[in-house]
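When reading the values below, keep in mind they use all heavy atoms of this one structure, side chains included, and skip hydrogens, waters and symmetry mates. Numbering starts at 1 and runs along the sequence shown.
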Amino acid sequence: LLEITAGLNMAPVQRLKKTWKIGKQKKAFEAFEKLMDNKHNYQRYRQALSEAQLPCLPYFGIFLRDFTFIDVGNPTFVKKG
């Protein structure tokens, strides 16, 4: 969903003014954008994921990002004492 919203936000797609005037698709797109908003570390997405009925397929890119910041943000060794 994140990749789809990113693709729909590209300039060539956004220039399709007549296509975007169709209300049903625009409302769905705005809902997807709101869900995948990166404010507060994807808080809305994470909430929706925790409430989702299993099985579900999460967006792996967000988990990779979390793992990267865990690795970079924490020291490899802890000093004694």
>> Applying a strict under-4.5 Å side-chain criterion to I, L, V, M, F, W and Y, I'd like to know whether Leu1 and Phe63 cluster together.
In response: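 Shared cluster, yes.
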> Should Phe67 and Ile62 be regarded as members of a common hydrophobic cluster, given that ILVMFWY residues are connected when their side-chain heavy atoms come within less than 4.5 Å of each other, either directly or indirectly?
Replying inline: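 Yes, one cluster joins them.
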> CG of Asn74 to CZ of Phe69: how many Å apart, nearest 0.5 Å?
Replying inline: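 Between Asn74 CG and Phe69 CZ, I get 12.0 Å after rounding to 0.5 Å.
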>> With rounding to the nearest 0.5 angstrom, report the NZ to NZ distance, Lys21 to Lys18.
In response: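 These two atoms lie 8.0 Å from each other.
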> Sequence neighbours excluded, which residues qualify as side chain to side chain contact (heavy atoms under 4.5 Å, CB included) partners of Pro75?
Replying inline: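 None.
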> Taking only residues two or more places apart in sequence or in another chain, which ones pass side chain to side chain contact (heavy atoms under 4.5 Å, CB included) with Leu8?
Replying inline: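 Applying side chain to side chain contact (heavy atoms under 4.5 Å, CB included) to Leu8 gives Ile4, Val13, Trp20, Phe29.
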> Between Met36 and Leu2, what is the shortest heavy-atom contact and its length?
Replying inline: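 Minimum heavy-atom separation between Met36 and Leu2: CE-CB, 3.6 Å.
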> Is there a donor-acceptor pair closer than 3.5 Å between any side-chain N or O of Asn9 and the backbone N or O of Thr5?
Replying inline: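 Yes: the side chain of Asn9 pairs with the backbone of Thr5.
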Report all side-chain donor-acceptor pairs from residues 41-51 shorter than 3.5 Å, counting only partners two or more places apart or in another chain.
residue: Asn41; atom: OD1; partner: Arg46; partner atom: NH2; Å: 3.4
residue: Asn41; atom: OD1; partner: Arg65; partner atom: NH1; Å: 2.8
residue: Tyr45; atom: OH; partner: Tyr59; partner atom: N; Å: 2.7
residue: Arg46; atom: NE; partner: Asn41; partner atom: O; Å: 2.8
residue: Arg46; atom: NH1; partner: Asp66; partner atom: OD2; Å: 3.0
residue: Arg46; atom: NH2; partner: Asp66; partner atom: OD1; Å: 3.0
residue: Arg46; atom: NH2; partner: Asp66; partner atom: OD2; Å: 3.0
residue: Gln47; atom: NE2; partner: Glu51; partner atom: OE2; Å: 2.5
residue: Ser50; atom: OG; partner: Gln47; partner atom: O; Å: 2.8

